[in-house]
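Since the structure comes first, as structure tokens, the remarks are kept for the end.
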Amino acid sequence: MRNAAAMPLACLMACLMLAGCALPSLETRVASTALPVHADTRIGRAIAPLAQDKDGLTGVHALVDGRDAFAARMMMADAAERSLDIQYYIWRNDTTGLLLLDALRAAAGRGVRVRLLLDDNNSASLDPALALLDAHPNAEVRLFNPFAFRTARLLGFLTDFKRLNRRMHNKSFTADGQATIVGGRNVGNEYYDATGEVLFADLDVLAVGAVVGAVQRDFDRYWNSRSAYPAGLLLTRSQQGDAARLDARRARLAGNPGAQAYLRAMRSSTFVTQLTERTLPLEWVKVELVSDDPDKVLGASPEAGVAYQLPPKFGEPLRQVDLVSPYFVPGANWTARFGLLARNGIRVRILTNSLEATDVPAVHAGYARWRRSLLADGVRLLELKRSWPQPTEARRTLGGSSGSSLHAKTFAVDQSRMFVGSFNFDPRSADLNTEMGFIIDSPALSARMSEVLDKQIMARAYEVTLTPQGRLQWHEQGERGMMVHDIEPGTTLWQRATVQFMSLLPIEWML
């Protein structure tokens, strides 16, 4: 009797699992491409005097501060007159996420064509808001590599893990085909210093000029790819009740003192003043976009992608390599490369998250396996602390706020060229997810990164060393001088034991 009673449940589960695999047909999807660029727009008129005699060059401005980074996106959305093409891995259903969605709806209401492409791994709580935006005649939302089963997504992973384990990690925000932001930040409070909890210390680049066209073409490639599904095929059309609930939430947000204080701080930033007064300092340099094939998530070979393009494009370093990666899992290949550079006299410094600061302990386990080998070859390893004493202005440097987790993804070679983008030095970025970023020929930005690591980071990071006996030690610059820790600072025995156990598992390929 027990087996007979279980049969209907087993059939139901089988049907649900099969449903989780079925995606709608793309036969009715209409392809679209970037609109022609018109110089006579607000953004175009602002750029024109700055871009004179700059043919083939790109004007870049590093967005280090989280509030500046959010202000740049909001101002671009408000200034756009023709198009907004936006691509993200994560878009939170929080203060900054809703404010930016409101800005997109307002732009669509002005007649701006809005195309929003989101990876579907983190979009579940946004379905009603996305359906509402998609319902606007001037806006379209597409979900990349989506879950067909919209609620119990675990069933999707169980039935289609090979596909759903691969994600679109790209991040770009382009207005009128004339200005773009590319870098490491997603959309959410933690990326823009809008939370009292942990801030992700991150880095974007605002770019105008030659490279923007390449970003637009790359967006079109993803937008029209086999993995980009119109939201209307997956989400139920927004009903009046959904719209009313969203409007009520926006009203509560408008009256929230914390949200209003954040908006006031954002509007008073030096960046906003410089942008509105057209005095924002831009460095005009050569910039190249590197990006993965969107079919990488469908199993296309990654060997033409970002991970494999970067070494030949940068060539062999002559003096130094500075690398910042929050999820650093070098594996045997990159461990050997960095070790060889260090043994040949190249100064190699790597900044990643400490165990106390990371938000993904499994990735720390993947990194920890290679620490001794890197250190034995002479590579310097720095691990960002979770917190440190600091003055207010220190928030505007690489280290973030008083409670931080590193999220910036950048490296510089010989203080002459640097990469800024979404790519982590880990197997997931190299072989599973799609990634993008800029290669920037900028001695000024590269030197600034080196200076931060030289002069500021030791107050905010532990330096890991290897004793003659092969034991790891963590050196911390404190108010009373240098302190040395024999176990990972700020961690519990349980955390360390968990990481040790995960380091034994055969999961590095997916970290």
Side-chain angles (χ1 to χ4, degrees), residues 6-29 87-94 97 116-134 140-171 186-188 222-238 242 292-300 302 327 359-360 362-363 422 424 426-435 502 505-511:
M7 284 298 292
L9 179 60
C11 291
L12 175 62
M13 290 300 294
C15 291
L16 289 175
M17 293 172 81
L18 287 172
C21 295
L23 287 170
S25 169
L26 291 178
E27 288 183 2
T28 60
R29 187 187 70 177
Q87 178 180 17
Y88 280 102
Y89 171 60
I90 292 174
W91 193 298
R92 299 285 189 213
N93 188 18
D94 58 16
L116 176 61
L117 178 62
L118 294 182
D119 184 88
D120 196 38
N121 195 43
N122 300 283
S123 65
S125 65
L126 272 181
D127 279 2
L130 294 178
L132 189 62
L133 176 63
D134 188 62
E140 185 179 357
V141 178
R142 292 187 180 178
L143 299 176
F144 192 88
N145 204 23
F147 290 76
F149 207 48
R150 305 305 301 167
T151 50
R153 294 192 173 202
L154 179 59
L155 288 179
F157 276 117
L158 291 174
T159 59
D160 201 4
F161 178 79
K162 184 176 180 180
R163 176 179 68 86
L164 293 174
N165 184 45
R166 298 168 176 263
R167 308 311 318 173
M168 180 190 76
H169 199 230
N170 309 40
K171 304 151 178 63
N186 293 295
V187 176
Y222 276 81
W223 182 257
N224 297 308
S225 72
R226 294 185 292 166
S227 295
Y229 284 73
L233 298 178
L234 297 160
L235 310 181
T236 57
R237 278 292 177 187
S238 179
D242 290 333
D292 281 319
D293 183 341
D295 279 352
K296 186 179 176 183
V297 301
L298 298 178
Y327 310 119
D359 61 323
V360 187
V363 170
S422 65
N424 288 295
D426 60 19
R428 174 162 291 278
S429 282
D431 299 320
L432 298 177
N433 292 351
T434 66
E435 308 287 351
M502 287 190 289
L505 300 177
I507 58 174
E508 185 174 290
W509 64 275
M510 60 182 293
L511 295 177

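Keep in mind it's a predicted model, so treat the numbers as computed, not measured.
- Side chains of Leu234 and Pro24 form a contact here, defined as non-hydrogen atoms less than 4.5 Å apart.
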Quick one, Val187 with Arg92, criterion side chain to side chain contact (heavy atoms under 4.5 Å, CB included). Give me CA distance, side-chain angles, the key distance, then yes/no. CA-CA 6 Å; Val187 176; Arg92 299 285 189 213; 6.0 Å; no
Side chain to side chain contact (heavy atoms under 4.5 Å, CB included) between Leu432 and Trp509, worked out: CA-CA 9 Å; Leu432 298 177; Trp509 64 275; 4.3 Å; yes
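- A distance-only check finds no donor-acceptor pair linking the side chain of Arg163 to the backbone of Leu298 [under 3.5 Å].
- Taking all atoms of both residues into account, the shortest heavy-atom contact from Pro128 to Ser125 is CD-O, 4.0 Å.
- At least one side-chain heavy atom of Leu116 sits under 4.5 Å from a side-chain heavy atom of Leu118.
- Of the possible donor and acceptor atoms, one in the side chain of Arg29 sits under 3.5 Å from a partner among the backbone N and O of Ala228.
- Nearest heavy atom pair, residue Met510 against residue Phe161, reads CE-CZ, 3.9 Å.
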Check against side chain to side chain contact (heavy atoms under 4.5 Å, CB included), Ser227 and Tyr222: CA-CA 8 Å; Ser227 295; Tyr222 276 81; over 6 Å; no
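- A 4.5 Å side-chain heavy-atom check between Glu508 and Asp426 finds every atom pair outside the cut-off.
- Scanning all heavy atoms of the two residues, the minimum distance from Lys171 to Ser422 falls at NZ-CB, 4.0 Å.
- Note that the CG atom of Leu143 and the OH atom of Tyr229 stand 11.0 Å from one another [nearest 0.5 Å].
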Run the side chain to side chain contact (heavy atoms under 4.5 Å, CB included) check on Leu233 and Thr28 step by step: do they pass? CA-CA 10 Å; Leu233 298 178; Thr28 60; 4.2 Å; yes
Using side chain to side chain donor-acceptor pair (under 3.5 Å), reason through Thr434 and Asn170 one step at a time and then give a plain yes or no. CA-CA 6 Å; Thr434 66; Asn170 309 40; 2.7 Å; yes
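- Asn122 is linked by a side chain to side chain donor-acceptor pair (under 3.5 Å) to nothing, counting only residues two or more places apart in sequence or in another chain.
- Closest of all the heavy-atom pairs between Asn433 and Asp292 is O-OD2, 3.7 Å.
- Scanning all heavy atoms of the two residues, the minimum distance from Ala148 to Leu23 falls at CB-CD2, 3.6 Å.
- Contact of the Pro230 side chain with the Leu26 side chain is registered, since non-hydrogen atoms from C-beta on lie closer than 4.5 Å.
- Of the possible polar contacts, none joining the Arg428 side chain to the Tyr327 backbone as a donor-acceptor pair under 3.5 Å is found.
- By the 4.5 Å heavy-atom criterion applied to side chains, Leu130 and Leu235 are counted as neighbours.
- Aromatic ring orientation, Phe147 versus Phe157: perpendicular (interplanar angle above 60°, classes split at 30° and 60°).
- Remark: Tyr89 engages His169 in a ring-ring contact (aromatic ring centres under 6.0 Å, His included) (not counting sequence neighbours).
- Of all heavy-atom pairs spanning Ser429 and Glu435, the tightest one is OG-OE2, 2.9 Å.
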Take Glu140 and Arg142, measure what salt bridge (Lys or Arg N to Asp or Glu O under 4.0 Å) needs, and give me the verdict at the end. CA-CA 7 Å; Glu140 185 179 357; Arg142 292 187 180 178; 2.9 Å; yes
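- Formation of a donor-acceptor pair under 3.5 Å by the Asp94 side chain with backbone atoms of Gly188 is not found in this model.
- Sorted by first then second residue, the salt bridge (charged side-chain N to carboxylate O under 4.0 Å, His left out) pairs that include residues 117-126, not counting sequence neighbours, are Asp119-Arg167, Asp120-Arg150, Asp120-Arg153.
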